Amino acid sequence: MNIASVIVDVPARQTDKSFDYLIPDEYIGSILPGMRIIVPFGPRKIQGFVVDLKDESDFSKLKEISEPMDLYPVLTKELLELGDWLAEKTLCYKISGFQAMLPAALKAKYEKKLILAENVDPLQLSLILQPFFIDSRELKWDEAINHGILSEIQREAANKLIDVIYEVKERVRKKKLKHIIPELSIEELIIEKEKINTRAGKQKDVIDFFIHRHKPIELRTLLSELKISSQTVSALVEKKILMEKELEVYRDPYQDRQFKQTYPLPLTEGQQKVIHPIQQSILMDEHHVFLLYGVTGSGKTEVYLQSIQTVLEKGKEAIVLVPEISLTPQMVHRFKGRFGDKVAVLHSGLSAGEKYDEWRKIQRKEVSVVVGARSAVFAPFENIGIIIIDEEHETSYKQEENPRYHARDVAIQRAEHFQCPVVLGSATPSLESFARANKKVYQLLSLPNRMNNQSLPAVEIIDMRDELRSGNRSMFSSVLFEKIKDRLEKKQQIVLFLNKRGHSSFIMCRDCGYVVNCPHCEISLTYHQSQQKMKCHYCGHEEYVPKQCPECKSEHIRYFGTGTQKVEEELGKVLPEARVIRMDVDTTSRKGSHEKLLDAFQKGKADILLGTQMIAKGLDFPNITLVGVLTADTMLHLPDFRSSEKTFQLLTQVSGRAGRHELPGEVIIQTYSPEHYSVELAGSQDYDQFYQYEMMVRKTHRYPPFYYLSLITITHEELMKVVTITEKITKYLRSKLSNNAIVLGPVASPIPKINNRYRYQCLIKYKKEPELSNALKIILDQYQQEMASSGLQITVDLNPYILM
DNA sequence: GTTTCATTCCAA
DNA sequence: TGGAATGAAACT
């Protein structure tokens, strides 16, 4: 086994296959599948993944592997196979599949450098180059370009005075801290202690410390614990009693946190009923997909926790996926509290280094539970006993860049391999999942009642058009306003929800209707009050607010739409006594601020929590008795077939924040389209009826779950090019697919231009098209060249969630 | 006849 | 993806 099959780090069609390399004798046996290695590829060196070992190759002239990058494989055999599966299912490159499964820290960084050839003195170089090589024998390629000395370099490279080398670097270093280790045994330490001068009492203390705790300790901790200075320690190091050593430590974002240990709570009858089949499946090593459909506050989390308990008792591991925005401290607390050190947490708030360290805890099997966002589904466990996906309907489980996978599909694929259950939990399951449960593909488990049988909050829908007619032009209906005042008096808490951050959404001239658009994208700019600027959320373009209309020179400029910031201002005006905490991307961007704000709210330091999406989930505070949704329909009119579903889900989730404990809750939903079924049915909290209705709509319009979707988006700077290519692709697909497939296009994307690139698309609706995947591959092959050279972009998404 | 630029091909 | 080889156009 001295030949390795390697997938190289070149994301391109032609290199999307394994290349064979010889393993140098010194590495035979230590280079294993799943490891990262450095290999020569053409003239340079790059990273690769070993996918297989073999004795023979079809190629005669094999190059040798330069060096391994890992001591142990970073991908297990199962993950290697999963990578192939990902590439096949999402039409991505294998290398992209592998990289998606690993923390970003493990992705290679490349550096091109120039070094003086061996035995060459800098003075031998041309005068221009000498200063660059006097101090050091190497120079970064980028610097050489910046100094405009490239041609000089090339000349000297031809003379063999300078070599060009390629370095593959690690992105993140393992964190190392100075530790102190006793160099002697306990017995020897006791003897040494006696020898120490009585005046050096501190030194004796240190030795005593190691007699009682004979293992390495971080220098800083030692110093602070014994209240000594580093001199004391270095004196002992001098005497060869102790030793200093750099030891690797984990960056643990939760290390200073105490988590109160919790114990399994007695389950309600309903919970027992649903947990039984899950535990059965765990114990029997059977693969099933369960859809746990439980209303908000029905105690799904406790079902998760106790299922995991069963898994751990079997000596297996658990993966829990939660949407990024609900990966709140509260959520983490519940898992850490129950399983303590056995839990690793992965989410986007961690630095690359922290993520890497959490990941390594998993790799080394130091933990057996992972709680994390989408990518945690790839946790490198080798003995998975359950995969739980909370808030199953959340769209954030779909990755919107390559590889465009859905965590639910990956979870099911992995669970099949490990013969273990998948639990999809939600109060408002996605139509796809619920339909599958109805078809008995998934097993449906229902928790129809809240814990302690509290009733769901009473919901009232307010027609804002009536408010307008009766002269109320504020953003609070009179009903909501009265209720807010009432709660303030009663010292109860209020949550106000608005799914738009910032101030106003767009700015329009009142006289001529002119709306300021982004010059690079075909979309209106968003007003941000803090900087008095208008920004484009797609390309980042910024400009100042015009004082007069650029079109008709009118000065009547109106700000439309309402953002959290504006609501906060207004609250300050009409209810100056109310203490408000605002939570949106702007106020929670700094690390830990999210937690701080929630903590303050919990401690009653504010009466009103005002926020965007991020407050819709997971909040569980006893004192919240009123939830107000300021504008329920902002999402409703987006060009997206899921907008009704999303609206229903969001409204239901937000409503679920109220009255989860003793105090009953009330919900006020303000809307301009009260008669829309998703608003109306969210009001009556009737998922089943919503499901029926929406399924009908989907059926008539031929959308999922009745049809599969695939979306091809073509972008280029020139409109003509985009149109012709989209036309060709559409035509080709029509010729390849059956008559049952519906090929829509070419049409301009809902956002027809982003960042000066025109966007066209082709949407395919189909039930069964075995040729589709192949046809798409051929298309990607066909345009591969143009995509590399002329800036053409073609993205293919099998099962898209965003149709823009 | 030489240089320069763009395009295509290749990598084990 | 980066680079080398190839071929065509521009330049002396």
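Labels below follow one simple rule: chain letters A, B, ... track the order of the sequence lines, proteins then strands, and each chain is numbered from 1. Since this is a predicted model, take the numbers as computed values, not measurements.
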- prompt: Ignoring hydrogens and geometry, is there a side-chain-to-backbone donor-acceptor pair from A:Y397 to A:L321 under 3.5 Å?
  reply: yes
- request: Could you tell me whether A:K45 and A:E67 have a side-chain N and a carboxylate O separated by less than 4.0 Å?
  value: no
- prompt: Going by an N to O cut-off under 4.0 Å, is there a salt bridge joining A:R374 and A:E394?
  reply: no
- prompt: In terms of side-chain geometry, is the basic nitrogen of A:E118 or A:R137 positioned less than 4.0 Å from the acidic oxygen of its partner?
  reply: no
task: Report which part of the nucleic acid A:Y93 touches: base, sugar-phosphate, or nothing (heavy-atom distance under 4.0 Å, all strands).
output: nothing
Within residues 100-117 of chain A, residues whose heavy atoms come under 4.0 Å of DNA chain B: none
message: What I'd like to find out is whether the side chain of A:K63 reaches to under 4.5 Å of the side chain of A:V39, using heavy atoms alone.
response: no
message: Within the structure provided, determine whether A:T15 and A:F41 are in side-chain contact (heavy-atom separation under 4.5 Å).
response: yes
- prompt: Less than 4.0 Å between a side-chain N and a carboxylate O, is that true for A:E317 and A:K365?
  reply: no
- request: Could you list where the contact with chain A starts and ends along DNA chain B, reading 5' to 3', using a 4.0 Å heavy-atom cut-off?
  value: B:dC10 to B:dA12
field: Charged N-O contact under 4.0 Å between A:D9 and A:K107
entry: no
- prompt: Is the shortest heavy-atom distance from the side chain of A:Y703 to the side chain of A:K765 under 4.5 Å?
  reply: yes
task: Just call it for A:S18: base, sugar-phosphate, or nothing, with non-hydrogen atoms closer than 4.0 Å on any strand.
output: base
- request: Give one of base, sugar-phosphate or nothing for A:Y21, where a contact means two heavy atoms less than 4.0 Å apart.
  value: sugar-phosphate
Sidechain N-carboxylate O distance under 4.0 Å for A:K361, A:E358: yes
- prompt: Can you give the first and last nucleotides of DNA chain C, 5' to 3', that have an atom under 4.0 Å from a heavy atom of chain A?
  reply: C:dT1 to C:dG3
- prompt: What is the nucleic acid contact for A:S5, judged by heavy atoms within less than 4.0 Å: base, sugar-phosphate only, or nothing?
  reply: nothing
